[in-house]
Protein chains: 2
Amino acid sequence: MNEQPRPTRRNEIRAQNETLILRAAEKVFAEAGFGGATMQLIADMAGLPKANLHYYFPTKESLYRRVVQDIFEIWLQAAAAMDDAPGPVEGIGAYIDAKMEISRRHPDGSKVWASEVMHGAPVIQDYLETTLRDWTRGRAALIQRWIDEGRMAPVDPNHLLYMLWATTQHYADFGHQIETLNGGRALSDRQWQAAKESVKQIILRGIGAL
Amino acid sequence: MNEQPRPTRRNEIRAQNETLILRAAEKVFAEAGFGGATMQLIADMAGLPKANLHYYFPTKESLYRRVVQDIFEIWLQAAAAMDDAPGPVEGIGAYIDAKMEISRRHPDGSKVWASEVMHGAPVIQDYLETTLRDWTRGRAALIQRWIDEGRMAPVDPNHLLYMLWATTQHYADFGHQIETLNGGRALSDRQWQAAKESVKQIILRGIGAL
DNA sequence: CTTCAACCTGACCATACGGTCAGGAAAAGA
DNA sequence: TCTTTTCCTGACCGTATGGTCAGGTTGAAG
């Protein structure tokens with residue numbers, strides 16, 4: 001899957017405009033939610049006429065769906081960090097690092113996902129029931145294996161996973177609140193590093209892996 | 001403040017209708033977001049004509065603001081659990097218990113708050129900058145005191161607070177996802193208990209308080 | 001009973017939204 | 001060059017939304 005189309009001028013334009021639209025859409029959906037976002041606003045932000053958006057994405061929902069799928073793909077890739085690790089310290093540590101990095105680089109995507117789930121996942125329910133459920137089962141089993149091997153304390157793997165998602169995504173989804181509490185300034189490099197370390201330290205010690 | 005008006009028939013009706021509207025509004029705002037919610041839908045859910053809503057709440061935004069304020073009040077009250085505690089185990093443990101209980105009892109309010117913050121807190125920015133900031137400073141100082149007294153490991157108090165918020169509110173905001181991963185069934189009493197215990201155990205051990 | 005203020009609501013309005021479409025411009029292929 | 005396909009867009013449309021208002025009803029006060 002995902003074979004690249006021949007790089008002709010046509011395909012180049014298409015790819016470029018799709019990217020332009022998706023970037024703008026991610027931002028607008030994140031800032032206003034699905035209901036509050038308007039195609040006109042997305043069009044303006046992308047610098048294209050509204051009718052052109054409907055040429056590439058027939059409906060608002062189809063555009064939205066793509067935005068949600070994209071962030072989900074990014075998260076799935078980050079999960080690989082956990083797989084080929086010798087133990088919980090490396091595996092979960094790397095997973096936290098990866099998810100925190102995503103929260104920093106793709107805060108808008110994270111917010112769109114959060115919004116979607118909060119509203120009952122009307123357009124990606126199938127993902128939750130298939131891909132996400134399978135992924136979760138696999139990692140829960142991996143964690144259970146670590147527990148059985150005595151490499152960490154016996155904690156419920158599912159609740160541990162929820163905690164990992166919650167803490168890391170919080171820095172994206174509630175970034176505005178954190179920024180406000182930080183004196184109105186975005187977290188600096190140093191502060192992001194400290195956040196990562198804090199999260200890793202508390203969780204890894206919390207599961208008895210340190 | 002907050003003195004009760006004399007309980008005449010008039011005031012009774014007013015109080016009753018306001019509650020009816022606020023309850024419906026909380027649900028609709030949580031399910032559809034501010035932009036997606038419609039006054040008509042809220043009216044239908046409350047069993048009142050739309051024009052009647054505008055009698056009690058002049059604009060959609062004023063109604064929304066009340067909903068957000070209400071959940072914030074509830075959270076502030078829960079925070080008291082942390083104050084008069086001898087140490088981190090009791091204080092933070094009680095705070096987690098209280099916040100988890102709120103996530104269970106008021107999931108819609110939590111979602112509305114999350115939405116509001118995610119979208120840049122357009123209507124409650126002043127709360128973040130005053131009440132929340134003050135509250136946060138106070139608790140961070142309390143945690144720092146516990147650290148200085150050697151009752152817990154030296155962790156950044158702010159990041160610990162973020163983690164507490166993230167993990168507890170996750171069970172409300174991402175309740176739908178958790179439910180889906182739980183086989184489509186809402187968490188049972190037993191499972192909620194297990195969730196509470198898991199969160200408390202990992203965090204309290206994570207901060208070296210156990 | 002009378003008066004007055006609070007409460008209620010069907011009908012209405014201006015606006016903004018998602019989406020359509022006809023027709024033109026530009027690139028690709030023959 | 002000629003033809004075909006893809007790309008582009010201003011103008012338009014039906015609908016739904018937040019909000020208004022005139023006029024009626026109900027409860028309280030004297």
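Keep in mind it's a predicted model, so treat the numbers as computed, not measured.
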Contacts under 3.5 angstrom, residues 163-176 of chain A side chains, donor-acceptor by atom type, not counting sequence neighbours:
from: A/W165; atom 1: NE1; to: A/Y95; atom 2: OH; distance (Å): 3.1
from: A/T167; atom 1: OG1; to: A/M163; atom 2: O; distance (Å): 2.7
from: A/T167; atom 1: OG1; to: A/L164; atom 2: O; distance (Å): 3.3
from: A/T168; atom 1: OG1; to: A/L164; atom 2: O; distance (Å): 2.7
from: A/T168; atom 1: OG1; to: A/W165; atom 2: O; distance (Å): 3.3
from: A/Q169; atom 1: OE1; to: A/K99; atom 2: NZ; distance (Å): 2.7
from: A/Y171; atom 1: OH; to: B/H159; atom 2: ND1; distance (Å): 2.7
from: A/D173; atom 1: OD1; to: A/S110; atom 2: OG; distance (Å): 2.7
from: A/H176; atom 1: NE2; to: B/G120; atom 2: O; distance (Å): 3.2
from: A/H176; atom 1: NE2; to: B/Q125; atom 2: OE1; distance (Å): 2.6

For [X], give me all partners under salt bridge (charged side-chain N to carboxylate O under 4.0 Å, His left out), at least two apart in sequence or on another chain.
{"X": "B/K196", "result": "B/E101"}
{"X": "B/R137", "result": "none"}
{"X": "B/E18", "result": "B/R14, B/R66"}

Check your understanding: When the distance from NE2 of B/H54 to C1' of D/dT20 is rounded to whole Å, what number comes out?
Key ->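 Nearest whole value for this atom pair: 9 Å.
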Can you sort out the partners of [X] under side-chain hydrogen bond (donor to acceptor under 3.5 Å, both in side chains), two or more places apart, ordered by chain and number?
{"X": "A/K27", "answer": "none"}
{"X": "B/D84", "answer": "none"}
{"X": "A/Q144", "answer": "A/D148"}

Point to revise | B/Y162 and A/Q177: side chain donor to acceptor below 3.5 Å | key: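 Per modelled atom types, B/Y162 and A/Q177 side chains form no pair under 3.5 Å.
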Review point. Considering only heavy atoms, which members of residues 62-70 of chain A lie under 4.0 Å from some atom of DNA chain D?
Key: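 Residues of residues 62-70 of chain A that come under 4.0 Å of DNA chain D do not exist, since none gets that close.
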Exercise for review: Could you check which residues of residues 36-44 of chain A get a heavy atom under 4.0 Å from DNA chain D? Sort them by number, please.
Suggested key: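 Correct list: empty, so none.
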Practice item. Any chance you could list the contact pattern along nucleotides 7-14 of chain D? Use B for base contacts, S for sugar-phosphate-only contacts and - for none, protein heavy atoms under 4.0 Å, 5' to 3'. Key: BSBB----
**Study point:** Test: A/R23 and A/E26 ion pair at under 4.0 Å
**Key:**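 Looking at A/R23 and A/E26, the cut-off is not met.
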Check your understanding: In degrees, rounded to 10°, what is the bend between the two ends of the helix from C/dC1-D/dG30 to C/dA30-D/dT1, using five pairs at each?
Key ->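 One end's axis against the other's: 20°.
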Exercise for review: Go through the structure and list residues passing side chain to side chain contact (heavy atoms under 4.5 Å, CB included) with A/D44, not counting sequence neighbours.
Suggested key: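 A/Q40.
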Exercise for review: Decide yes or no for A/F29 and A/D108: does some side-chain heavy atom of the first lie under 4.5 Å from some side-chain heavy atom of the second?
Suggested key: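 The answer is no; the side chains never approach within 4.5 Å.
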Review point. Distance-only, no hydrogens or angles: does the A/R104 side chain make a donor-acceptor pair with backbone N or O of A/W192 under 3.5 Å?
Key: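 No; judged by distance alone, with no hydrogens or angles, the pair does not exist.
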